[in-house]
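Reading through the C-alpha coordinates given below for one structure.
Every value quoted in this text rests on a predicted model; they were computed, and no experiment measured them. Side chains included, hydrogens not; waters and symmetry mates left out as well; all remaining heavy atoms used.
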Amino acid sequence: MKYNIWNKWDPLKVCMLGNNYAPEFFNGLTNKVADPLKRICYETLEDLDNYKSVLKDFGVKVIQPELDTKERFIDNPKRYPRGPLQPRDNQLVIGNHCFSSGDHPAIKQKLIEYGGIDKVKFTSPWIPSKSNYESIKGADYPSWEDYLTNRTTKNYFKDFVWDELLQYSGFDQLSSACTFMLGKRLYIGVDFDADLPNLPLEDFYTLHDVFKKFIISTASMDGHADGNYHTLKPGAILSLNDVQTYEKTFPGWDVCYLEQESWHKVSAFTKLKVLNQGKWYLAGEEDNAEFIHFVETWLQDWVGYVEESVFDVNVLMLDEHHCCIANPNNQKVNTFFKKHKIEPVHVPWRHRFFWDGGLHCITLDLFREGTQQDYFGDN
(Lines give C-alpha, C1' and ligand atoms only; values in the text may rest on other atoms or scores of the structure.)
Protein backbone atom coordinates (compact mmCIF):
# COMPACT_ATOMS: atom_id res chain seq x y z
CA MET A 1 0.00 0.00 0.00
CA LYS A 2 1.85 3.07 -1.29
CA TYR A 3 -0.83 5.73 -0.74
CA ASN A 4 -2.74 6.34 2.48
CA ILE A 5 -4.40 9.72 3.05
CA TRP A 6 -7.59 10.16 5.10
CA ASN A 7 -7.06 13.57 6.70
CA LYS A 8 -4.61 16.47 7.05
CA TRP A 9 -3.05 15.65 10.41
CA ASP A 10 -2.12 11.98 10.85
CA PRO A 11 1.69 11.56 11.05
CA LEU A 12 3.16 12.29 7.62
CA LYS A 13 5.50 9.55 6.41
CA VAL A 14 5.93 10.07 2.65
CA CYS A 15 5.61 13.37 0.85
CA MET A 16 6.34 14.76 -2.61
CA LEU A 17 8.12 18.10 -2.53
CA GLY A 18 8.10 20.29 -5.62
CA ASN A 19 11.18 21.23 -7.59
CA ASN A 20 12.19 24.19 -9.73
CA TYR A 21 14.44 25.18 -12.62
CA ALA A 22 18.04 26.04 -11.75
CA PRO A 23 19.29 29.63 -12.21
CA GLU A 24 21.27 28.54 -15.28
CA PHE A 25 17.98 27.76 -17.00
CA PHE A 26 17.74 31.50 -17.79
CA ASN A 27 21.24 31.90 -19.25
CA GLY A 28 21.20 33.99 -22.42
CA LEU A 29 18.48 36.45 -21.44
CA THR A 30 19.19 40.14 -20.82
CA ASN A 31 20.44 41.00 -17.34
CA LYS A 32 17.31 43.02 -16.58
CA VAL A 33 15.29 39.84 -17.01
CA ALA A 34 17.78 37.10 -16.12
CA ASP A 35 19.08 38.54 -12.86
CA PRO A 36 15.76 38.63 -10.97
CA LEU A 37 14.71 35.27 -12.42
CA LYS A 38 17.99 33.67 -11.43
CA ARG A 39 17.66 35.14 -7.94
CA ILE A 40 14.16 33.69 -7.65
CA CYS A 41 15.36 30.28 -8.80
CA TYR A 42 18.42 30.23 -6.54
CA GLU A 43 16.48 31.26 -3.45
CA THR A 44 13.58 28.95 -4.31
CA LEU A 45 15.91 25.94 -4.56
CA GLU A 46 17.61 27.01 -1.33
CA ASP A 47 14.24 27.15 0.46
CA LEU A 48 13.21 23.80 -1.01
CA ASP A 49 16.42 22.20 0.30
CA ASN A 50 15.69 23.61 3.74
CA TYR A 51 12.09 22.37 3.61
CA LYS A 52 13.34 18.93 2.62
CA SER A 53 15.65 18.89 5.65
CA VAL A 54 12.79 19.86 7.95
CA LEU A 55 10.61 17.08 6.59
CA LYS A 56 13.38 14.53 6.96
CA ASP A 57 14.04 15.65 10.53
CA PHE A 58 10.45 14.66 11.29
CA GLY A 59 10.93 11.22 9.76
CA VAL A 60 9.28 12.00 6.42
CA LYS A 61 10.53 10.29 3.27
CA VAL A 62 10.73 12.97 0.57
CA ILE A 63 10.53 12.36 -3.17
CA GLN A 64 11.03 15.12 -5.74
CA PRO A 65 10.46 15.47 -9.49
CA GLU A 66 13.69 15.63 -11.48
CA LEU A 67 14.62 18.17 -14.16
CA ASP A 68 17.17 18.13 -16.96
CA THR A 69 19.84 20.63 -15.86
CA LYS A 70 20.97 21.13 -19.47
CA GLU A 71 17.69 22.72 -20.56
CA ARG A 72 17.66 26.46 -21.32
CA PHE A 73 14.55 28.61 -21.59
CA ILE A 74 15.94 30.62 -24.52
CA ASP A 75 16.20 27.48 -26.69
CA ASN A 76 12.41 27.12 -26.96
CA PRO A 77 10.38 29.51 -24.77
CA LYS A 78 6.98 28.15 -25.83
CA ARG A 79 7.93 24.65 -24.83
CA TYR A 80 8.46 25.12 -21.13
CA PRO A 81 5.61 24.95 -18.66
CA ARG A 82 5.90 26.07 -15.07
CA GLY A 83 8.36 23.84 -13.30
CA PRO A 84 7.15 20.90 -11.17
CA LEU A 85 6.91 23.18 -8.15
CA GLN A 86 3.32 22.68 -6.98
CA PRO A 87 2.43 18.99 -7.25
CA ARG A 88 -0.75 19.47 -5.21
CA ASP A 89 -2.43 21.63 -7.89
CA ASN A 90 -3.26 18.84 -10.35
CA GLN A 91 -3.01 15.69 -8.29
CA LEU A 92 -5.38 14.12 -5.78
CA VAL A 93 -4.28 11.52 -3.26
CA ILE A 94 -7.34 10.12 -1.52
CA GLY A 95 -7.47 7.00 0.58
CA ASN A 96 -5.18 4.48 -1.12
CA HIS A 97 -5.34 6.04 -4.59
CA CYS A 98 -3.62 8.79 -6.57
CA PHE A 99 -5.15 10.64 -9.52
CA SER A 100 -3.69 13.21 -11.89
CA SER A 101 -5.39 15.68 -14.24
CA GLY A 102 -2.19 16.45 -16.11
CA ASP A 103 0.87 18.30 -14.86
CA HIS A 104 4.57 18.72 -15.51
CA PRO A 105 5.84 15.38 -16.88
CA ALA A 106 8.42 15.16 -14.09
CA ILE A 107 5.66 15.03 -11.46
CA LYS A 108 3.73 12.29 -13.23
CA GLN A 109 6.88 10.28 -13.86
CA LYS A 110 7.88 10.34 -10.20
CA LEU A 111 4.38 9.35 -9.06
CA ILE A 112 4.31 6.48 -11.53
CA GLU A 113 7.66 5.29 -10.18
CA TYR A 114 6.50 5.63 -6.58
CA GLY A 115 3.08 4.00 -6.60
CA GLY A 116 1.28 4.51 -9.91
CA ILE A 117 -1.58 6.77 -10.98
CA ASP A 118 -5.19 5.61 -11.08
CA LYS A 119 -7.53 6.55 -13.90
CA VAL A 120 -11.04 7.93 -13.68
CA LYS A 121 -13.79 7.34 -16.20
CA PHE A 122 -16.30 10.04 -17.01
CA THR A 123 -19.61 8.45 -18.01
CA SER A 124 -21.00 11.88 -18.86
CA PRO A 125 -19.20 15.19 -19.49
CA TRP A 126 -18.17 17.22 -16.48
CA ILE A 127 -16.93 20.76 -17.16
CA PRO A 128 -16.56 22.32 -13.71
CA SER A 129 -17.32 25.98 -14.51
CA LYS A 130 -18.96 28.22 -17.07
CA SER A 131 -15.65 29.91 -17.85
CA ASN A 132 -14.05 26.54 -18.66
CA TYR A 133 -16.99 25.61 -20.86
CA GLU A 134 -16.92 28.89 -22.78
CA SER A 135 -13.19 28.47 -23.43
CA ILE A 136 -13.73 25.19 -25.32
CA LYS A 137 -17.16 25.87 -26.78
CA GLY A 138 -17.50 25.58 -30.56
CA ALA A 139 -20.26 26.66 -32.93
CA ASP A 140 -22.14 23.37 -32.50
CA TYR A 141 -22.03 23.42 -28.71
CA PRO A 142 -25.22 24.24 -26.79
CA SER A 143 -25.32 27.12 -24.33
CA TRP A 144 -23.86 26.60 -20.84
CA GLU A 145 -27.37 26.45 -19.40
CA ASP A 146 -28.47 23.81 -21.93
CA TYR A 147 -25.29 21.86 -21.32
CA LEU A 148 -26.07 21.74 -17.59
CA THR A 149 -29.63 20.62 -18.21
CA ASN A 150 -28.77 17.91 -20.75
CA ARG A 151 -25.23 16.86 -19.86
CA THR A 152 -26.22 13.27 -19.02
CA THR A 153 -28.24 12.78 -22.23
CA LYS A 154 -25.84 11.71 -24.94
CA ASN A 155 -28.41 11.90 -27.75
CA TYR A 156 -28.95 15.60 -27.07
CA PHE A 157 -25.42 16.38 -28.35
CA LYS A 158 -23.85 15.80 -31.73
CA ASP A 159 -21.54 12.81 -31.52
CA PHE A 160 -18.32 14.77 -31.97
CA VAL A 161 -19.43 17.37 -29.39
CA TRP A 162 -20.14 14.64 -26.84
CA ASP A 163 -16.72 13.07 -27.50
CA GLU A 164 -14.99 16.44 -27.18
CA LEU A 165 -16.80 17.21 -23.93
CA LEU A 166 -15.71 13.87 -22.49
CA GLN A 167 -12.16 14.66 -23.56
CA TYR A 168 -12.26 18.03 -21.82
CA SER A 169 -13.98 16.73 -18.71
CA GLY A 170 -11.83 17.98 -15.90
CA PHE A 171 -10.54 16.51 -12.69
CA ASP A 172 -9.07 19.89 -11.71
CA GLN A 173 -11.70 20.70 -9.10
CA LEU A 174 -10.78 17.45 -7.36
CA SER A 175 -7.10 18.21 -6.87
CA SER A 176 -5.53 18.00 -3.43
CA ALA A 177 -5.46 21.81 -3.46
CA CYS A 178 -9.26 21.97 -3.74
CA THR A 179 -10.32 18.83 -1.91
CA PHE A 180 -10.12 18.02 1.80
CA MET A 181 -10.93 14.51 2.94
CA LEU A 182 -11.64 14.28 6.66
CA GLY A 183 -12.42 10.74 7.67
CA LYS A 184 -15.73 9.88 6.06
CA ARG A 185 -16.36 13.33 4.62
CA LEU A 186 -15.01 14.83 1.40
CA TYR A 187 -15.15 18.62 1.06
CA ILE A 188 -14.68 20.11 -2.41
CA GLY A 189 -13.97 23.83 -2.79
CA VAL A 190 -15.38 25.26 -6.01
CA ASP A 191 -14.89 28.62 -7.74
CA PHE A 192 -17.56 31.24 -7.33
CA ASP A 193 -18.42 31.00 -11.03
CA ALA A 194 -18.74 27.23 -10.90
CA ASP A 195 -22.16 25.63 -11.10
CA LEU A 196 -20.84 22.42 -9.62
CA PRO A 197 -23.12 22.67 -6.55
CA ASN A 198 -26.06 22.45 -8.99
CA LEU A 199 -24.78 19.19 -10.45
CA PRO A 200 -25.67 15.89 -8.78
CA LEU A 201 -22.97 14.80 -6.35
CA GLU A 202 -23.70 11.23 -7.42
CA ASP A 203 -21.58 12.06 -10.49
CA PHE A 204 -18.46 11.69 -8.35
CA TYR A 205 -19.37 8.16 -7.32
CA THR A 206 -19.15 6.98 -10.93
CA LEU A 207 -15.57 8.18 -11.33
CA HIS A 208 -13.94 5.59 -9.06
CA ASP A 209 -14.99 3.30 -6.21
CA VAL A 210 -12.89 5.25 -3.69
CA PHE A 211 -15.39 8.14 -3.79
CA LYS A 212 -18.10 5.80 -2.53
CA LYS A 213 -16.29 5.76 0.82
CA PHE A 214 -17.18 9.42 1.47
CA ILE A 215 -20.09 11.75 2.06
CA ILE A 216 -19.38 14.49 -0.50
CA SER A 217 -20.23 18.16 -0.17
CA THR A 218 -19.11 21.38 -1.91
CA ALA A 219 -18.42 24.92 -0.74
CA SER A 220 -17.98 27.94 -3.01
CA MET A 221 -14.71 29.84 -2.56
CA ASP A 222 -12.36 32.01 -4.54
CA GLY A 223 -9.36 30.04 -5.80
CA HIS A 224 -7.98 26.87 -4.28
CA ALA A 225 -9.47 25.64 -1.04
CA ASP A 226 -6.05 25.46 0.62
CA GLY A 227 -5.61 29.19 0.03
CA ASN A 228 -8.87 29.80 1.89
CA TYR A 229 -8.85 27.49 4.90
CA HIS A 230 -7.04 24.58 6.48
CA THR A 231 -8.17 21.89 8.90
CA LEU A 232 -5.30 21.51 11.39
CA LYS A 233 -6.61 18.70 13.60
CA PRO A 234 -10.02 17.57 14.85
CA GLY A 235 -11.75 20.72 16.09
CA ALA A 236 -9.33 23.39 14.75
CA ILE A 237 -9.38 25.41 11.50
CA LEU A 238 -7.41 28.34 10.05
CA SER A 239 -9.58 30.36 7.68
CA LEU A 240 -10.29 33.55 5.81
CA ASN A 241 -13.52 35.25 6.77
CA ASP A 242 -16.71 34.26 4.97
CA VAL A 243 -15.27 31.21 3.22
CA GLN A 244 -18.10 28.95 4.29
CA THR A 245 -20.64 28.58 7.06
CA TYR A 246 -18.61 26.46 9.45
CA GLU A 247 -21.58 25.93 11.78
CA LYS A 248 -22.97 23.71 9.01
CA THR A 249 -19.84 22.16 7.54
CA PHE A 250 -17.74 21.81 10.74
CA PRO A 251 -20.18 22.12 13.64
CA GLY A 252 -18.49 22.91 16.93
CA TRP A 253 -15.00 23.38 15.47
CA ASP A 254 -12.85 26.31 16.62
CA VAL A 255 -12.03 28.69 13.71
CA CYS A 256 -9.16 31.20 13.66
CA TYR A 257 -9.97 33.88 11.06
CA LEU A 258 -7.11 35.53 9.16
CA GLU A 259 -8.84 37.80 6.68
CA GLN A 260 -6.19 39.38 4.39
CA GLU A 261 -3.60 38.79 7.09
CA SER A 262 -0.69 38.66 4.65
CA TRP A 263 -1.25 41.73 2.49
CA HIS A 264 -0.13 44.48 4.87
CA LYS A 265 3.28 42.77 4.73
CA VAL A 266 3.59 43.49 0.97
CA SER A 267 2.86 47.20 0.72
CA ALA A 268 4.63 47.68 -2.65
CA PHE A 269 2.27 45.14 -4.21
CA THR A 270 -0.31 47.89 -4.67
CA LYS A 271 2.08 49.57 -7.13
CA LEU A 272 2.95 46.42 -9.06
CA LYS A 273 -0.64 45.16 -9.26
CA VAL A 274 -1.53 47.97 -11.67
CA LEU A 275 0.94 46.47 -14.16
CA ASN A 276 0.24 42.78 -13.67
CA GLN A 277 -3.44 42.75 -12.63
CA GLY A 278 -2.60 41.47 -9.15
CA LYS A 279 -1.18 38.16 -10.33
CA TRP A 280 2.24 38.07 -8.64
CA TYR A 281 4.79 40.08 -6.67
CA LEU A 282 8.59 40.24 -6.46
CA ALA A 283 10.17 42.69 -4.04
CA GLY A 284 12.60 45.13 -5.66
CA GLU A 285 11.28 44.70 -9.20
CA GLU A 286 8.28 47.02 -9.01
CA ASP A 287 9.89 49.41 -11.55
CA ASN A 288 11.61 46.84 -13.78
CA ALA A 289 9.39 47.24 -16.84
CA GLU A 290 11.44 44.81 -18.95
CA PHE A 291 11.16 42.08 -16.33
CA ILE A 292 7.43 42.67 -15.81
CA HIS A 293 6.82 42.55 -19.55
CA PHE A 294 8.83 39.31 -19.89
CA VAL A 295 6.89 37.56 -17.11
CA GLU A 296 3.54 38.71 -18.48
CA THR A 297 4.52 37.63 -22.02
CA TRP A 298 6.24 34.31 -21.43
CA LEU A 299 5.49 33.10 -17.90
CA GLN A 300 1.78 33.67 -17.44
CA ASP A 301 1.26 29.95 -16.77
CA TRP A 302 4.04 30.01 -14.18
CA VAL A 303 2.55 32.61 -11.87
CA GLY A 304 -0.89 32.42 -10.33
CA TYR A 305 -3.21 35.00 -8.85
CA VAL A 306 -1.95 35.82 -5.39
CA GLU A 307 -4.80 38.18 -4.51
CA GLU A 308 -6.92 35.05 -4.05
CA SER A 309 -4.58 33.60 -1.45
CA VAL A 310 -3.59 34.34 2.11
CA PHE A 311 -0.59 32.10 2.62
CA ASP A 312 -0.78 32.09 6.40
CA VAL A 313 -3.55 29.49 6.02
CA ASN A 314 -1.51 27.51 3.47
CA VAL A 315 0.27 25.27 5.97
CA LEU A 316 1.36 21.64 6.20
CA MET A 317 0.60 19.52 9.26
CA LEU A 318 3.37 17.04 10.05
CA ASP A 319 1.19 15.49 12.74
CA GLU A 320 -1.46 16.76 15.17
CA HIS A 321 1.12 18.72 17.14
CA HIS A 322 3.50 20.17 14.52
CA CYS A 323 2.67 22.55 11.67
CA CYS A 324 4.96 23.94 8.96
CA ILE A 325 4.38 27.68 8.50
CA ALA A 326 6.12 30.31 6.36
CA ASN A 327 5.31 33.25 8.63
CA PRO A 328 6.49 32.73 12.24
CA ASN A 329 5.39 36.19 13.41
CA ASN A 330 1.64 35.98 13.14
CA GLN A 331 0.68 36.29 16.79
CA LYS A 332 -2.94 35.44 16.12
CA VAL A 333 -1.89 32.12 14.60
CA ASN A 334 0.66 31.43 17.33
CA THR A 335 -1.93 32.02 20.05
CA PHE A 336 -4.37 29.70 18.29
CA PHE A 337 -1.66 27.05 17.93
CA LYS A 338 -0.82 27.24 21.63
CA LYS A 339 -4.49 26.84 22.51
CA HIS A 340 -4.65 23.63 20.45
CA LYS A 341 -1.22 22.28 21.49
CA ILE A 342 0.35 22.77 18.05
CA GLU A 343 4.01 23.73 17.68
CA PRO A 344 4.81 25.97 14.67
CA VAL A 345 7.74 24.80 12.54
CA HIS A 346 9.15 27.76 10.61
CA VAL A 347 9.96 26.99 6.98
CA PRO A 348 11.13 30.07 5.01
CA TRP A 349 9.39 30.40 1.65
CA ARG A 350 10.52 33.73 0.27
CA HIS A 351 8.90 33.75 -3.15
CA ARG A 352 5.41 32.52 -2.38
CA PHE A 353 4.03 35.81 -3.75
CA PHE A 354 5.73 35.21 -7.11
CA TRP A 355 4.86 31.54 -7.46
CA ASP A 356 1.39 32.01 -5.92
CA GLY A 357 1.87 28.97 -3.73
CA GLY A 358 2.48 28.33 -0.06
CA LEU A 359 3.97 25.46 1.92
CA HIS A 360 0.91 23.29 1.35
CA CYS A 361 0.87 23.92 -2.42
CA ILE A 362 4.47 22.81 -2.96
CA THR A 363 3.95 19.45 -1.27
CA LEU A 364 1.72 16.45 -1.89
CA ASP A 365 0.95 14.07 0.96
CA LEU A 366 1.42 10.49 -0.24
CA PHE A 367 1.29 8.46 2.96
CA ARG A 368 0.14 9.28 6.47
CA GLU A 369 -0.24 6.82 9.29
CA GLY A 370 -3.80 6.06 10.31
CA THR A 371 -7.09 4.81 8.91
CA GLN A 372 -10.42 6.28 7.89
CA GLN A 373 -12.16 7.61 11.00
CA ASP A 374 -15.50 9.21 11.79
CA TYR A 375 -15.07 12.78 13.08
CA PHE A 376 -18.69 13.89 12.75
CA GLY A 377 -20.84 11.01 13.95
CA ASP A 378 -21.65 9.85 10.42
CA ASN A 379 -21.79 6.14 11.25
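Ring-plane geometry between Tyr229 and Phe180 is classed as tilted, the angle between the planes lying from 30 to 60 degrees on a 0 to 90 degree scale. Ring geometry, Phe99 versus Phe211: the interplanar angle falls under 30°, so the pair is classed parallel (tilted spans 30 to 60°). Aromatic ring orientation, Phe376 versus Trp253: parallel (interplanar angle below 30°, classes split at 30° and 60°).
Atoms OH and NZ, from Tyr375 and Lys233 in turn, are 12.0 Å apart once rounded to the nearest 0.5 Å. Distance check, rounded to the nearest 0.5 Å: CD1 of Ile94 to CH2 of Trp6 gives 7.5 Å. Taking CG from Leu316 and NZ from Lys8, the interatomic distance works out to 8.5 Å, rounded to the nearest 0.5 Å. Atom CG of Leu207 and atom CG of Leu92 lie 10.5 Å apart (nearest 0.5 Å). Rounding to the nearest 0.5 angstrom, the gap separating the CD atom in Gln372 from the CG atom in Leu182 is 11.0 Å. Atoms CZ and CG, from Phe336 and Asp254 in turn, are 4.0 Å apart once rounded to the nearest 0.5 Å.
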| said: If you apply the rule side chain to side chain contact (heavy atoms under 4.5 Å, CB included), what do you find for Ile40 with Asn20, and how did you get there? | reply: CA-CA 10 Å; Ile40 293 170; Asn20 193 51; 5.5 Å; no

| message | Let's go through Val14 and Tyr114 carefully: what are the C-alpha distance in whole Å and the side-chain angles of both, what is the deciding distance for side chain to side chain contact (heavy atoms under 4.5 Å, CB included) to 0.1 Å, and is it a yes or a no? | response | CA-CA 10 Å; Val14 185; Tyr114 170 75; 3.7 Å; yes

| said: One pair to check against side chain to side chain contact (heavy atoms under 4.5 Å, CB included): Asn27 and Ile74. What are the steps and the verdict? | reply: CA-CA 8 Å; Asn27 284 351; Ile74 199 170; over 6 Å; no

| message | Under the criterion side chain to side chain donor-acceptor pair (under 3.5 Å), I'd like the reasoning laid out for Arg88 against Ser175: C-alpha separation, chi angles, the key distance, then a yes or no. | response | CA-CA 7 Å; Arg88 198 174 295 272; Ser175 75; over 6 Å; no

| request: Could you walk me through whether His208 and Asp118 pass side chain to side chain contact (heavy atoms under 4.5 Å, CB included), step by step? | output: CA-CA 9 Å; His208 192 281; Asp118 285 83; 3.6 Å; yes

| said: Please evaluate residues Ser239 and Tyr246 with respect to the criterion side chain to side chain donor-acceptor pair (under 3.5 Å), reporting the C-alpha separation (whole Å), side-chain torsions for both, the decisive distance (0.1 Å), and the verdict. | reply: CA-CA 10 Å; Ser239 177; Tyr246 289 107; 2.6 Å; yes

| field | From CA spacing to verdict: salt bridge (charged side-chain N to carboxylate O under 4.0 Å, His left out), Arg72, Asp75 | value | CA-CA 6 Å; Arg72 296 292 180 265; Asp75 292 337; over 6 Å; no

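Of the possible polar contacts, one joining the Asn4 side chain to the Arg368 backbone as a donor-acceptor pair under 3.5 Å is found. Checking side-chain atoms of Tyr205 against main-chain N and O of Phe214 turns up a donor-acceptor pair under 3.5 Å. Counting only distance, with no hydrogens or angles, the side chain of Tyr187 and the backbone of Ala225 share no donor-acceptor pair below 3.5 Å. No donor-acceptor pair closer than 3.5 Å links the side chain of Thr179 to the backbone N or O of Ser176. Not a single donor-acceptor pair under 3.5 Å links the side chain of Asp209 to the backbone N or O of Lys212. Of the possible polar contacts, one joining the Asp374 side chain to the Asp378 backbone as a donor-acceptor pair under 3.5 Å is found. Checking side-chain atoms of His340 against main-chain N and O of Ile342 turns up no donor-acceptor pair under 3.5 Å. Checked by atom type and distance alone, the side chain of Asn314 pairs as donor or acceptor with a backbone atom of Leu359 at under 3.5 Å. At least one donor-acceptor pair under 3.5 Å links the side chain of Asn96 to the backbone N or O of Tyr3. Formation of a donor-acceptor pair under 3.5 Å by the Lys130 side chain with backbone atoms of Glu145 is not found in this model.
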For residues 53-67, run the donor-acceptor check on the side chains, cut-off 3.5 Å, and write out each pair with its distance to 0.1 Å, sequence neighbours left out.
residue, atom, partner, partner atom, Å
Ser53, OG, Asp49, O, 3.2
Gln64, OE1, Lys52, NZ, 3.4
Gln64, NE2, Gly18, O, 2.9
Glu66, OE2, Lys110, NZ, 3.1

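Summarising the local packing, OH of Tyr42 is surrounded by 12 or fewer heavy atoms from other residues, nucleotides or ligands at distances under 6.0 Å. More than 12 heavy atoms of other residues, nucleotides or ligands lie within 6.0 Å of CG in Asp140, so this atom counts as buried by the packing criterion. Within a 6.0 Å sphere centred on NZ of Lys154, heavy atoms belonging to other residues, nucleotides or ligands number 12 at most.
Pairing each heavy atom of Phe367 with each of Ile5, the nearest pair is N-CD1, 3.8 Å. Between Arg151 and Pro125, the shortest heavy-atom contact is NH2-O, 2.6 Å. Heavy atoms only, all atoms of each residue included: Leu45 and Ala22 are closest at CD1-CA, 3.8 Å. Trp349 approaches Thr44 most closely through the heavy-atom pair CH2-CG2, 3.6 Å. The minimum heavy-atom distance between Cys324 and Tyr51, with the atom names listed, is SG-CE2, 4.0 Å. Closest approach of Glu71 to Tyr21, counting heavy atoms only: OE1-CE2, 4.3 Å.
Residues Tyr147 and Lys137 fail the side-chain proximity criterion, which asks for heavy atoms closer than 4.5 Å. Looking at Ser217 and Arg185, their side chains never come closer than 4.5 Å, going by heavy atoms from C-beta outward. Two residues are said to be in side-chain contact when any heavy atoms from C-beta on lie closer than 4.5 Å; Pro348 and Asn50 meet this criterion. Leu165 is listed as a side-chain neighbour of Ile127, based on a closest heavy-atom distance under 4.5 Å. Looking at heavy atoms from C-beta onward, Glu24 lies out of side-chain contact with Cys41 at the 4.5 angstrom threshold. Proximity of Leu17 to Leu48: side-chain heavy atoms (C-beta onward) are separated by under 4.5 Å at one or more points.
No continuous path of hydrophobic side-chain contacts links Met181 to Ile215 [ILVMFWY only; heavy atoms under 4.5 Å].
Among Ile362, Ile107, Asp365, the single residue meeting the side-chain contact (heavy atoms from CB on, under 4.5 Å) criterion with Met16 is Ile107.
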